[in-house]
Amino acid sequence: PICGSSARRSGVDVVAGRVTKADGMDLIQEQVRRNEAADSAWELYAPHRERVTQRLLDARTSSAERLCVLGAGNLNDVDLAVLSAAFREIVLVDVDANAVRRGLERQGFAKDARIRVVAPVDVSDVFAELTKLPSGPLEREIAIEDCLRRLARVPDLESKLKGPFDVVASVGLFTQLIDEIGRAHV
């Protein structure tokens, strides 16, 4: 199956820190384009950012020290000044390393040792498979169902991200996946 287990890793070459064309570059490039388009929307995101940041604080227990943000993008969704006061370490994960860097610079945290960026990483592990969907309707439907089953399983990210974490949030990840699955059905 398209999204079944395979010998090669899909979506990202973590060791080299780069994403290759064979590993789903089209979907990742689309995400890069979206992040660039949203760079100027910092003020527009203010109410959303306040709500997301508050939810992350609400999820924190008194002993929580480590936060992991999946789909961090350009960081329009989170207020790092508030979160860095509440968490000892913040790990930001995304397929677009440049967007995360721009977000860190915008918020004044580009050199903060408490923040670690893990990028580019496709935490869904299906971007590459969505790029190679079969053209036949039945085969395409089976491949999409396989991707959805794979997404329903919790990926093993703990070792890749150096977990465990006290709070983990996906702030932009599922919108991207739903968009791509919706496009695949058209």
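What you see is a predicted model, and the numbers here were worked out from it, not measured in a lab.
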Same cluster or not: Val78 versus Tyr45, using hydrophobic residues (I, L, V, M, F, W, Y) connected whenever any side-chain heavy atoms lie under 4.5 Å apart?
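They do not share one cluster, since no chain of ILVMFWY contacts under 4.5 Å joins Val78 to Tyr45.
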Transitive ILVMFWY side-chain link Trp42 to Leu80, under 4.5 Å:
no
[X] side chain to [Y] backbone, donor-acceptor under 3.5 Å:
{"X": "Asp94", "Y": "Gly73", "result": "yes"}
{"X": "Arg116", "Y": "Leu161", "result": "yes"}
{"X": "Arg49", "Y": "Asn76", "result": "yes"}

Does this structure show an ion pair linking [X] with [Y], if we count only N-O contacts that are shorter than 4.0 Å?
{"X": "Arg114", "Y": "Glu89", "answer": "no"}
{"X": "Arg34", "Y": "Glu30", "answer": "yes"}
{"X": "Asp58", "Y": "Arg55", "answer": "no"}

Reported [atom1]-to-[atom2] distance for the pair [X] and [Y], which is rounded to 0.5 angstrom:
{"X": "Leu70", "Y": "Phe165", "atom1": "CG", "atom2": "CZ", "answer": "8.5 Å"}
{"X": "Asp96", "Y": "Gln29", "atom1": "CG", "atom2": "CD", "answer": "8.5 Å"}
{"X": "Asn74", "Y": "Arg101", "atom1": "CG", "atom2": "CZ", "answer": "14.0 Å"}
{"X": "Leu104", "Y": "Lys111", "atom1": "CG", "atom2": "NZ", "answer": "11.0 Å"}

As a test of understanding, state which of Gln107, Gln54, Glu50 forms a side-chain contact (heavy atoms from CB on, under 4.5 Å) with Asp79.
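Between Asp79 and the candidates, side-chain contact (heavy atoms from CB on, under 4.5 Å) is satisfied uniquely by Gln107.
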Testing Ile115, Leu57, Val52 for side-chain contact (heavy atoms from CB on, under 4.5 Å) with Leu83, which one passes?
Leu57
Going through the checks in order, is the side chain to side chain contact (heavy atoms under 4.5 Å, CB included) test met by Val118 and Lys162?
CA-CA 10 Å; Val118 181; Lys162 298 182 181 158; over 6 Å; no
Heavy atoms of other groups near Phe109 CZ, more than 12 under 6.0 Å:
yes
Are [X] and [Y] packed together at the side-chain level, in the sense that at least one heavy-atom pair is separated by less than 4.5 angstrom?
{"X": "Ser63", "Y": "Asp166", "value": "no"}
{"X": "Pro120", "Y": "Ile28", "value": "no"}
{"X": "Val167", "Y": "Leu56", "value": "yes"}

Salt bridge (charged side-chain N to carboxylate O under 4.0 Å, His left out) partners for Arg88, two or more places apart
Glu65
Does Asp77 have any side chain to side chain donor-acceptor pair (under 3.5 Å) partners at least two apart in sequence or in another chain, and if so, which?
His48
Compute both the distance and the angle, then confirm whether Arg60 meets the cation-pi test with Phe87: under 6.0 Å from the six-membered ring centre, within 45 degrees of the axis.
yes
Can Glu36 and Asn98 be said to form a side chain to side chain contact (heavy atoms under 4.5 Å, CB included), step by step?
CA-CA 9 Å; Glu36 288 171 350; Asn98 290 327; over 6 Å; no
Nearest heavy-atom neighbours spanning Leu92 and Ala72
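Shortest heavy-atom contact: CB-CB, 4.0 Å.
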If you look at every heavy atom in Cys68 and Val93, which pair is closest and at what distance?
SG-CG2, 4.0 Å
